[in-house]
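Please read the structure below before turning to the comments.
Just the heavy atoms: all of them, side chains too, but no hydrogens, waters or symmetry mates, feed the values below.
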Amino acid sequence: MLTKNAKDVLRLSSEQGWVLEPDSKRILATYGIKVPRFIWAKSPEEATIFAGEIGYPVVAKVVSPQIMHKSDSGGVVPGIENEEQLGQVYNGFAQMEGFAGVLVEEMVSGIELMAGAKVDYQFGPIILFGMGGTAVEIYKDITIRMAPVTERDAISMVRSLKAHPLLEGYRGTKPINLEKLTQMLKAFLSLVMDIHQDVESIDLNPIMCTARECVVADARIVLKGRDE
């Protein structure tokens, strides 16, 4: 069930029309969806203290209500190796439009997957799952279901991918943790059903999956009525 804090986040995000990534990840975490350790740093000092605690390398992402597509704007820097580099990245982001801080988080790796939902005005939530990352539109290995989606449907979505052999271990590679992935999809479906009346779309891309866990590296929640 959607918490009061999550409801407040959606309400306060209505003016900009979408939920900032730190807030999106906090909402995901309340549903038991694993996200990287992160901080929404409002100063270089906050950023470097946190990075020192979790260990380098880290990823830094600009937080701005004016910048939804951070990668397209140069607002994502992975592989930051030390305090000096992080300070330089922070100061560079601070020059961007609408700057509201920096998301600093641990680096995660694995096979890149994606999960998403589009809310159709006539049919309701439509769930998407497939291979993710920046090449998602090239490979187009995606399966679609109409909500509500059962656990059996979630398992079927995973198994129907063309790249499914990669997930089970291919030519000596370790299989991903399919149980963790299924649990994440179930939690995601629960979130979608709880907030679909307020949102236009939800995108979790990439979801980084390994033999041990699945972690949402990037998340975007777009609200209904957003001006393009």
Worksheet item: Would you say the side-chain atoms of S156 and R145 include a donor-acceptor pair closer than 3.5 Å?
Response: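 Yes, R145 and S156 have a side-chain donor paired with an acceptor closer than 3.5 Å.
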Item to complete: Tell me, please, which residues at least two apart from K180 pass salt bridge (Lys or Arg N to Asp or Glu O under 4.0 Å).
Response: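 None.
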Worksheet item: Looking at residues at least two apart in the chain, or sitting in another chain, which of them share a salt bridge (Lys or Arg N to Asp or Glu O under 4.0 Å) with D198?
Response: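 Testing D198 for salt bridge (Lys or Arg N to Asp or Glu O under 4.0 Å), a comparison that skips the adjacent residues, returns none.
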Looking only at non-hydrogen atoms, find the nearest pair between [X] and [Y] and report the distance.
X: V76; Y: F93; value: N-CZ, 4.0 Å
X: P148; Y: D153; value: O-OD2, 4.3 Å
X: I207; Y: M114; value: CD1-C, 4.0 Å
X: A154; Y: V149; value: N-CG1, 3.9 Å
X: I67; Y: W18; value: O-CH2, 3.3 Å
X: A219; Y: L204; value: CB-CD2, 3.9 Å

Hey, could you give me the [atom1]/[atom2] distance between [X] and [Y], rounded to the nearest 0.5 Å?
X: C214; Y: L178; atom1: SG; atom2: CG; result: 8.0 Å
X: I176; Y: M208; atom1: CD1; atom2: CE; result: 11.5 Å
X: E112; Y: D218; atom1: CD; atom2: CG; result: 11.0 Å
X: I221; Y: S24; atom1: CD1; atom2: OG; result: 4.0 Å

Worksheet item: By side chain to side chain contact (heavy atoms under 4.5 Å, CB included), which residues pair with E179, not counting sequence neighbours?
Response: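 Result, side chain to side chain contact (heavy atoms under 4.5 Å, CB included) vs E179: N177, Q183.
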Practice prompt. Look at atom CD of E151 and say whether more than 12 heavy atoms of other residues, nucleotides or ligands are closer to it than 6.0 Å.
Written response: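 Counting neighbours around CD of E151, 12 or fewer heavy atoms of other residues, nucleotides or ligands fall under 6.0 Å, so no.
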Is there side-chain contact between [X] and [Y], with heavy atoms separated by less than 4.5 Å?
X: I202; Y: I195; answer: yes
X: Y90; Y: I80; answer: no
X: V102; Y: W40; answer: no
X: L161; Y: V158; answer: no

Worksheet item: Would a hydrophobic clustering, with Ile, Leu, Val, Met, Phe, Trp and Tyr connected at side-chain separations under 4.5 Å, put V35 with L185?
Response: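 In one cluster with V35: L185, yes.
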Discussion item. Taking I54 as the starting point, is it possible to reach Y56 by hopping between hydrophobic residues whose side chains are less than 4.5 Å apart?
Written reply: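 Result: yes, single cluster for both.
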Worksheet item: Between the side chain of D141 and the main-chain N/O of M131, is any donor-acceptor distance below 3.5 Å?
Response: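 Not a single qualifying donor-acceptor pair exists.
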Worksheet item: Within the distance-only criterion (no hydrogens, no angle test), does the side chain of K70 pair as donor or acceptor with the backbone N or O of V63 below 3.5 angstrom?
Response: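 It does not hold such a pair.
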Practice prompt. Applying side chain to side chain contact (heavy atoms under 4.5 Å, CB included), run through K7 and R11 and close with a yes or a no.
Written response: CA-CA 6 Å; K7 292 178 181 178; R11 177 177 55 81; over 6 Å; no
Worksheet item: What pairs of residues pass the salt bridge (Lys or Arg N to Asp or Glu O under 4.0 Å) test when at least one of them lies in residues 113-126, not counting sequence neighbours?
Response: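 Applying salt bridge (Lys or Arg N to Asp or Glu O under 4.0 Å) to every pair that reaches into residues 113-126, excluding sequence neighbours, yields K118-D203.
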Discussion item. Taking the basic N atoms (NZ, or NE/NH1/NH2) and the acidic carboxylate oxygens, is any pair closer than 4.0 Å for E106 and R37?
Written reply: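 Looking at E106 and R37, the cut-off is met.
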Practice prompt. May I have the step-by-step check of side chain to side chain contact (heavy atoms under 4.5 Å, CB included) for L128 and T143, ending in yes or no?
Written response: CA-CA 6 Å; L128 303 89; T143 183; over 6 Å; no
Can I get a per-line list of side-chain donor-acceptor pairs under 3.5 Å for residues 25-32, giving both atom names and the distance, sequence neighbours left out?
from : atom 1 : to   : atom 2 : distance (Å)
K25  : NZ     : E21  : OE2    : 2.8
K25  : NZ     : E105 : OE1    : 2.6
K25  : NZ     : E105 : OE2    : 3.2
K25  : NZ     : A217 : O      : 2.8
R26  : NH1    : D23  : OD1    : 3.3
T30  : OG1    : I27  : O      : 2.6
Y31  : OH     : L2   : N      : 3.2
Y31  : OH     : D194 : OD2    : 2.6

Worksheet item: What do the steps show when you test L10 against V19 for side chain to side chain contact (heavy atoms under 4.5 Å, CB included), and what is the final call?
Response: CA-CA 7 Å; L10 295 177; V19 182; 3.9 Å; yes
Item to complete: Any ring-ring contact (aromatic ring centres under 6.0 Å, His included) involving residues 172-225? Give me the pairs, sequence neighbours left out, ordered by first then second residue.
Response: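 Listed once each, the pairs would be none.
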